[in-house]
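Okay, structure first, notes after.
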Amino acid sequence: MFSEDYGSIPGLDIIFLLGGYYYHTNYDTVDRLVPGSMQARGDNLYSAVKAFAESAKLRSARQRESLGVSNGNDDGQAVFFDYLAWFIIFYSRRIAMVLHGIPIIIFLVMPFFSRFLYSGLWCCFATFYDFVKGMILHTTGIMLAIIFPVLFSILRLLVSSYGMNWFANPFLAFMMFIPISLVGLLIPRTVFRGFPLSQNVSVLKVSKEALSDEARFWGAFGFYASLTLAYLLAGLSGGFLTFFTSASMLLAWISFCLSIKFCVRQLARSMVFYVIPLIPCLTYSVYFGGFLVQFLIEKMGMMGSLPPPYGNYVPDIVVAAIVGVVTSWCMGPLMPLCGKWLARSSILQFLLHLSVVALALSSQFFPYSRDAPKRVVFQHTFLTADANWIVDSSYDFSVVDSNSLLFLFKYAPEVAKELNIGPEFSFETAKMSNQRTFLTLFPVNFLFSRSLQFPARSDEILKQYRQFPHLYTNKPQTMSSDGSRRVYLELSLGSLKEVWVAVLNITGPLSSWSFADTKLPVPETAEGGPPSYICRLTGSSHEKWNFWLEGRNVEDIRVDVAVLDQNLVEEAKKLKSVFPGWADVTAYSSFLSTYVF
């Protein structure tokens with residue numbers, strides 16, 4: 001953040017990739033750290049700082065501005081990645097421009113290089129046309145490998161009472177979606193067993209099978225070469241994935257052709273020669289793809305509660321699509337030559353049966369566990385009108401994944417009993433909470449939908465605190481010559497014990513304020529409400545905030561104040577304690593009040 005805001009300073013962002021299950025939960029404890037991870041982070045930080053400090057290119061922001069970007073020392077967005085955590089591969093953006101453009105050049109030149117001297121220009125264009133058809137078939141297989149798992153995930157949700165079965169059991173995602181993805185990948189090979197060649201077999205004096213294998217291979221190669229070019233033109237660094245695949249496929253094809261030449265087309269042995277050069281690429285694809293799927297599955301528990309009717313389908317569709325992408329990425333390079341053996345009806349039937357069995361098994365697994373908890377937000381809300389007057393009190397609940405609060409109350413009967421929830425309870429009969437109720441969690445509150453509200457007592461909080469947060473004017477407002485007026489305010493946090501944050505939500509004709517160097521941020525809009533300006537304040541409970549707001553005219557300025565106190569009353573603590581171990585509850589008290597100036 002600071003490097004972007006202050007002069008585009010070069011830097012390195014280091015994060016822990018896995019462990020998302022308990023990230024920002026009560027289960028995020030020291031014993032869950034991966035052994036050696038903190039040492040590795042320290043080593044990386046020390047090496048990065050040392051490299052920056054000793055670099056001959058180290059310059060101040062003013063020096064870099066005077067030299068400009070044309071000094072020849074800027075690598076731009078460099079490409080770097082590790083191979084199985086063994087070593088790092090690094091090359092500059094300039095080198096990537098050359099390397100990542102080579103595969104597409106080879107794809108375009110190969111039809112003319114292989115045919116022009118022997119068969120003429122017409123045959124070159126026919127060969128290129130076959131390569132394009134091979135690329136279309138391979139692209140179709142890739143798309144079906146993604147579409148089939150998505151359709152399968154929708155089908156599963158139609159017959160299941162809840163989603164995200166794979167959340168605490170990631171192996172289910174692989175069991176359910178990999179077989180059906182392979183079926184989609186093999187469909188084009190099954191439908192087009194005989195490749196529609198445009199080349200004249202009699203003129204080339206080459207078998208139709210050999211020309212078909214060639215067209216399928218170069219079609220697949222062209223697909224990965226085109227993706228590499230797309231990454232390059234988009235300025236993204238991820239093109240190394242498809243470049244690695246393209247380069248490995250080229251080596252595999254050369255190995256295959258040499259084996260054909262010297263082994264007199266012993267296909268089984270030739271296949272081995274084709275697969276061996278692909279092993280480093282396929283190993284890396286499985287390694288990288290497996291981490292990607294696991295990372296995504298862990299993040300699905302905090303992606304937000306999406307509104308109906310389609311919100312319940314989104315996490316399963318996303319995971320199914322990513323598993324499809326990874327499966328096609330891992331198996332795609334093998335399809336041109338190995339697909340003829342894999343596309344047998346017996347193998348396809350086995351994969352379909354395996355998918356159906358996985359679908360049946362998945363319903364026997366619960367989505368959550370203590371090691372992969374469901375995140376629940378429990379807010380004890382107090383609506384106040386003055387320093388010591390409570391207008392209303394409520395318990396507000398929300399979740400941050402696709403399984404709604406009804407799922408929670410169904411499988412946590414103790415909580416339902418404590419809240420007096422009966423079997424006929426539904427969203428239609430319940431009282432809903434809006435996003436403004438959770439203003440203290442801004443901007444996380446935008447992840448909430450279908451939040452519920454239940455009545456709560458307020459007498460206990462009156463015994464605990466003498467004063468509540470309140471906002472008031474501390475000196476008379478002033479008017480300027482252009483008609484704008486300035487209101488001087490003071491925010492007192494009362495006698496709260498553990499204030500974490502205070503949030504101001506300001507609506508009206510605001511033209512300036514005393515925060516952030518008097519610069520207004522981009523207005524926010526929540527649930528169809530008017531545009532508003534939001535400011536988050538942090539500080540000790542005993543501190544008071546003095547600030548001013550300036551309006552363009554004499555129209556009213558409305559200020560909503562939300563203060564988060566981490567202290568709970570005993571009744572709320574009791575309610576929190578009855579939640580099951582598979583639910584992680586973020587509980588706090590929130591004091592809301594509204595003022596018009």
Side-chain angles (χ1 to χ4, degrees), residues 377 379-396 398 433-446 448 451 453 456 458 461-462 464-475 477 485-510 512-516 520-521 523-527 529-551 555-569 588-597:
V377 177
Q379 175 177 287
H380 192 181
T381 307
F382 298 97
L383 296 180
T384 64
D386 204 348
N388 45 25
W389 181 23
I390 293 189
V391 177
D392 193 14
S393 175
S394 63
Y395 294 141
D396 294 273
S398 193
S433 298
N434 57 39
Q435 291 178 349
R436 290 181 179 272
T437 305
F438 296 92
L439 182 60
T440 52
L441 295 182
F442 175 85
V444 180
N445 60 326
F446 288 112
F448 302 161
S451 305
Q453 187 175 94
S458 59
I461 198 70
L462 292 170
Q464 186 167 310
Y465 293 134
R466 299 187 313 274
Q467 283 192 329
F468 305 121
H470 55 284
L471 183 66
Y472 52 92
T473 56
N474 59 358
K475 62 179 180 178
Q477 67 179 11
R485 65 188 180 100
R486 181 172 293 185
V487 181
Y488 298 89
L489 303 172
E490 183 170 284
L491 173 63
S492 171
L493 299 179
S495 57
L496 303 189
K497 296 179 180 178
E498 298 181 56
V499 173
W500 181 63
V501 69
V503 179
L504 304 180
N505 181 40
I506 306 166
T507 55
L510 195 66
S512 183
W513 60 6
S514 56
F515 302 113
L520 291 177
E524 303 285 347
T525 303
E527 296 183 333
S532 60
Y533 300 92
I534 296 181
C535 179
R536 301 174 76 249
L537 308 173
T538 57
S540 302
S541 302
H542 64 275
E543 294 179 343
K544 294 183 179 181
W545 289 85
N546 291 279
F547 60 96
W548 52 261
L549 303 175
E550 187 171 278
E555 291 183 17
D556 292 340
I557 295 177
R558 169 176 164 159
V559 182
D560 298 316
V561 178
V563 180
L564 190 154
D565 183 20
Q566 298 182 79
N567 190 61
L568 291 172
V569 298
Y588 58 91
S589 300
S590 179
F591 295 84
L592 306 178
S593 53
T594 300
Y595 307 86
V596 178
F597 302 99

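Values in this document were obtained by computation on a predicted structure and should not be read as measured data.
Here the straight-line distance linking atom CH2 of W500 with atom OG of S589 works out to 14.0 Å at 0.5 Å rounding. Rounding to the nearest 0.5 Å gives a distance of 11.0 Å between CZ of R486 and CD1 of I557. Taken to the nearest 0.5 Å, the CZ atom of F515 stands 11.0 Å off from the CG atom of L520. Rounding to the nearest 0.5 angstrom, the gap separating the CD1 atom in I390 from the OG1 atom in T381 is 11.5 Å. One distance of note links CG of L471 with CG of D386; it measures 11.5 Å at 0.5 Å rounding. A distance of 7.5 Å separates CZ of F468 from CZ of F382, quoted to the nearest 0.5 Å.
A search for salt bridge (Lys or Arg N to Asp or Glu O under 4.0 Å) contacts involving R536 returns nothing, not counting sequence neighbours.
You'll find the side chain of I534 reaches within 4.5 Å of the side chain of V503, heavy atoms only. No side-chain heavy atom of F438 sits less than 4.5 Å from a side-chain heavy atom of V444. The closest side-chain heavy-atom distance from L564 to L441 is below 4.5 Å. Counting only heavy atoms from C-beta outward, the side chains of T440 and Q379 approach each other to under 4.5 Å. Two residues are said to be in side-chain contact when any heavy atoms from C-beta on lie closer than 4.5 Å; V561 and L504 meet this criterion. Counting heavy atoms from C-beta outward, L496 and N567 have side chains that stay 4.5 Å or more apart.
The only member of F597, W513, W548, Y595 that meets side chain to side chain contact (heavy atoms under 4.5 Å, CB included) when paired with L489 is F597.
Remark: side-chain polar atoms of N445 are paired, donor with acceptor, to backbone N or O of Q435 under 3.5 angstrom. Between the side chain of S495 and the main chain of R466, a donor-acceptor pair closer than 3.5 Å is present. Using modelled atom types, no side-chain atom of R558 and backbone atom of N505 make a donor-acceptor pair closer than 3.5 Å. Under a 3.5 Å cut-off, the side chain of S492 and the backbone N or O of G494 do form a donor-acceptor pair.
Note: F547 and W545 fail the aromatic proximity criterion, with ring centroids not under 6.0 Å apart. For H380 and Y588, the ring centers are positioned 6.0 Å apart or more.
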field: side chain to side chain donor-acceptor pair (under 3.5 Å) between D396 and T437, intermediate numbers included
entry: CA-CA 8 Å; D396 294 273; T437 305; 4.9 Å; no
query: When you look at T473 and V487, which way does the side-chain contact (heavy atoms from CB on, under 4.5 Å) test go after all the steps?
result: CA-CA 7 Å; T473 56; V487 181; 4.1 Å; yes
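When every heavy atom of P531 is checked against every heavy atom of P523, the shortest pair comes out as CB-CB, 3.9 Å. The nearest pair of heavy atoms linking L510 to S512 is CD1-O, 3.5 Å. Closest approach of Q464 to V569, counting heavy atoms only: OE1-CG1, 3.8 Å. When all heavy atoms of F591 and T384 are compared, the pair lying nearest together is CD2-CG2, 4.3 Å. Scanning all heavy atoms of the two residues, the minimum distance from P509 to D556 falls at CD-O, 3.4 Å.
Side-chain polar atoms of S451 and S433 form no donor-acceptor pair below 3.5 angstrom.
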